[in-house]
There are 2 protein chains.
Amino acid sequence: MMNIKDIARLAGVSASTVSRVVNGKKYVKPEIRERVLDLVRENGYVPNNAARSMVLKRTFTVGIVVPDAFNMFQRQLFSAIERKLEGYGYGTRFFLVKAEPESEKACLGRLKAEMLDGVIMLLEVDDPEFYAVIADSGLPVVLCTFGRADLGLPSVHIDEEAAAKAATAHLIGLGHERIGLLAGAQFSFGKQRQAGYEAALREARIPVMAGRVVVVPSYTAEAGRMGMKELLGREADLTAIFAVTDELAVGAIRALYEAGRPVPDAMSVLGFDDIDISASLSPSLSTVRQPIAEIGTEAAEIIYRLISGVPAETDPIILPYTLLARETTKRREGRDRNGNMA
Amino acid sequence: MMNIKDIARLAGVSASTVSRVVNGKKYVKPEIRERVLDLVRENGYVPNNAARSMVLKRTFTVGIVVPDAFNMFQRQLFSAIERKLEGYGYGTRFFLVKAEPESEKACLGRLKAEMLDGVIMLLEVDDPEFYAVIADSGLPVVLCTFGRADLGLPSVHIDEEAAAKAATAHLIGLGHERIGLLAGAQFSFGKQRQAGYEAALREARIPVMAGRVVVVPSYTAEAGRMGMKELLGREADLTAIFAVTDELAVGAIRALYEAGRPVPDAMSVLGFDDIDISASLSPSLSTVRQPIAEIGTEAAEIIYRLISGVPAETDPIILPYTLLARETTKRREGRDRNGNMA
DNA sequence: TTGAAAGCGCTAACAA
DNA sequence: TTGTTAGCGCTTTCAA
C-alpha cells in the first residue's frame, strides 16, 4: 500500500506538498498539483485514516450505537442518518450492543478507543454511568428515538405516550372496548406506550384490566405470537389488540391466524412504528408511523452542529407521529358500547 | 481523554511499562502491574486504536461490505459473522455501497483508508476492477452468498440454481404447471434462480414462457407487488408464483390480496431466503431457507484463517439449502396436468 | 524487569 | 510556493 512519502518521491516533491494537494489546499503550483494528482490516481493512493485522525484529532466519523439485533425500524433510521451525515462529509460506524451490562461496558470502551467525533444512540442503554462517562468525556451525543431530559442530553423522538394514546383511541373510536395490549418491559418506550394505552382507556371510561395486558420479553414476531396466545387463553372476548411494535403485531396476527380468528373481522390489530413491510402485508397493518427519515435527519443535524461547536439544545426535539388506519383495524361489529347496533 | 503517558506519569513508570501491562505482556513486576491496572480502571483509560493500528499495522477489524439498503437477510447474516469474529477478537465495520458505480469506487477508497485486516463481501459488486484491486492489495477477502470462482476468490454460498430448481420442482410436484416467476436482474443470484426455475420446467417438460416471467428492478415488497400486478394483467391463468426473494413474495401476496385472489387457495406463492418474518406471516411463507448462520460462521472462519496466514482455499464452500413447504403453497385444485382430478 | 528512543503515516507550523 | 521539522499515541527493539 502506497503512502504519502511514496507519492512524494515519485512526484519529486515533499510529503507536505502531496498532503496539500490531497487535501485541496492552496499554495501549490498547478502543474505540480496535476502531477501529484495523476500519481495519486495511478497508484490508487488513499491517505491512511488512522494516521490522519491521529494528528487531526478528528475522525470525521460518528458512532451509531444500535442493539445487537437491530430491526428494520432501526435499519431505516440508520439509512436516514447515514445519508445526511454523508452530506456533511462524515462517515458512520456501528457499535452493536447486546442486552447485557457487560456489552454496554464493552461498547463504552470501544467508543473511547475510536476517537469518534460524535455518537448517535439508537439504543437506550440502561446503565446511567454510560451516559455520564460519555457526557463528561465531552463527546457530542444525541439520543435518537428516546429521550433522557434528566441527563441534559439532546434527543429526537416522538411523544410515545401521546402516540400510543391516539392509537388506542383509534381502536376505541372504532367501537372497541375490550382491547388487549402487547407491551414490553425493555426500553422506556415499552412503558410509555403502555401508559398511553391506559390513558386512552381511562379517558373513555373503559376499565384498565391487567388481564388484558401481556408484557413480552422481546419485541419480535415470535414474542408477539406467544403473547397473543397467552391473551387468547386467558381472555376470550377481546375485540382488538394494540401491539407496541409492528413485529409484535405480526406475531399477534399469526397467533390469531392459528386460532382461526381472522384479522380484522374477528379481531382488530394495531401496531406501532410502521416498519417497511407493514404496508405490504395482507391485510396491511394499521400502525403508528414514526417519521423515520425526519428523526434520522434531525439527529444527524444535531450531532453535526454539536461537532461544529454549536452549543447543545437540550430540549428534546419532538416530531409528529401519524396514525395509519390501514386494513387490520375495523369497526367493531355487533353492539357498540352503549348496547346499540353498530 | 487519558493517554498512555498520563497513566505512566500517574503510576510513576514509563509508557513502555504501561503498554506491557495493558497488552498482558510478561516482564512486569506484579505490584507495578496491579498499580497500573488500577489506574487504568480508575481513569477509564482505553488505548487509542488509531495509534495502535498504526504501529501494529493491524486493526483487528474486518470490513463488511453490504448494500446501502441491506435487508433482513443480510442483517441476520451480519449478526452471525459478527458473533463469530468477536470470538476471534476481531471487530467489524460496515461499508455501505449504493447501487452506483461511483459508490463502489468510493467504497474501495474507504476500504483502503481503513487498514482493515480483511473484508467480507455481502454485496456483489459489479466492477471487476474492484475485486482486482482488493486482490492484489493482498487484503484477505471472502465473498459471502455469492461466488466468483473465476476470480480465484474464496466464497461461501448455496447452489442458487439447484435451490431454485428444487423450489420450482416443489411447485410442479404440487400439480402446478402454469408457474409465474418474479425474477430480478440485480446480482447474479437473480439470473441463477431464474435458470433454476427454467431448468425445473424443462425437466418436467413444461414450456418456459416469457409471458410468465417478470424481471423486477429491485428486490423489495413494492417491486414484488408491481411485478405481480403486471403478471396478473398479462397472464390470467397462473396457479403458482415463484418469487426469487421473500420480500418479492410478500409483495406478490399483497397484489394477489388486492386482486381478491387468496393465497394459497387461488394461487400458491413460494419465496426464497427465509427471512425473519417469513415464518410469522399469515399464512406463513413457503420458501427456500439459506443456512444463514452457517454461511456467516463459515465466512468468518475463512477470513480469520486468511488473516492468520493460512493459504486461501479458493474452491467455493457450497452449503445446503432447505425447502420449507409452509402455508403459501398447496396442491393445485382441480385437474392435474394429465387431466385427472387431483 | 524497566526505560529511552525510534518510527508507524500524516498534517501543520515555521522557515526559506 | 515549497520543504523541514515536530509530534499525534502507541509498540517495540535495544540497552541498561
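The sequence lines fix the lettering, A, B, ..., with proteins before strands; numbering per chain opens at 1.
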Determine, stepwise, if the pair B:Asp38 / B:Arg41 fulfils salt bridge (Lys or Arg N to Asp or Glu O under 4.0 Å).
CA-CA 5 Å; B:Asp38 283 346; B:Arg41 262 189 297 269; 3.1 Å; yes
Quick one: on DNA chain C, does B:Lys29 or A:Pro47 contact a more 5' nucleotide (nearest heavy atom)?
B:Lys29
Toward the 5' end of DNA chain D, which comes first, B:Ala51 or B:Ser16, by nearest nucleotide?
B:Ala51
Just N and O in the side chain of A:Asn48: are any of them under 4.0 Å from OP1 or OP2 of C:dG9?
no
So, the side chain of B:Asn43 versus the backbone of B:Leu39: is there a donor-acceptor pair under 3.5 Å, distance only?
yes
Taking the six-membered ring for Trp and the full ring for Phe, Tyr or His, determine whether the centres of B:Phe73 and B:Phe78 are under 6.0 Å apart.
no
Give the rounded distance in Å between these two atoms: CZ of A:Phe60 and P of C:dC10.
16 Å
Would the A:Phe70 and A:Phe94 ring centres measure less than 6.0 Å apart?
yes
Distance, rounded to the nearest Å, where A:Ile7 contributes CD1 and C:dG9 contributes C1':
13 Å
Pairs flagged by ring pair (Phe, Tyr, Trp, His ring centres under 6.0 Å) wherever residues 115-151 of chain B is involved - sequence neighbours left out
none
Nucleotide range of DNA chain D lying under 4.0 Å from chain A heavy atoms
D:dT1 to D:dG9
Hey, which of these two, B:Val55 or A:Val18, hits DNA chain C nearer its 5' end, going by closest nucleotide?
B:Val55
Euclidean distance, atom CZ of residue B:Arg52 to atom C1' of C:dC8 [Å, nearest integer]
14 Å
Across the strands shown, which category fits A:Lys57 at heavy-atom distances under 4.0 angstrom: base, sugar-phosphate, nothing?
sugar-phosphate
Sugar-phosphate only, base, or nothing, as touched by A:Thr17 at under 4.0 Å among non-hydrogen atoms:
sugar-phosphate
From CD1 of B:Ile4 across to P of C:dG7 the rounded distance in Å is 19 Å
CE of A:Met2 versus C1' of C:dC8: gap in Å, rounded?
17 Å
Less than 4.0 angstrom between a side-chain N/O of A:Tyr45 and OP1 or OP2 of C:dC10, yes or no?
yes
Apply the test side-chain hydrogen bond (donor to acceptor under 3.5 Å, both in side chains) to residues A:Arg20 and A:Ser16: give CA-CA distance (whole Å), side-chain angles for both, the deciding distance (0.1 Å), then the verdict.
CA-CA 6 Å; A:Arg20 287 187 194 103; A:Ser16 314; 4.8 Å; no
Would you kindly give the CE-to-C1' distance between B:Met54 and C:dC10, to the nearest whole Å?
7 Å
A:Lys5 NZ to C:dT11 P, in whole Å, measures 13 Å
Spacing of A:Tyr27 atom OH relative to C:dT11 atom P, expressed in whole Å
19 Å
So the ring pair (Phe, Tyr, Trp, His ring centres under 6.0 Å) pairs with at least one residue in residues 290-313 of chain B (sequence neighbours excluded) are B:Tyr88-B:Tyr304
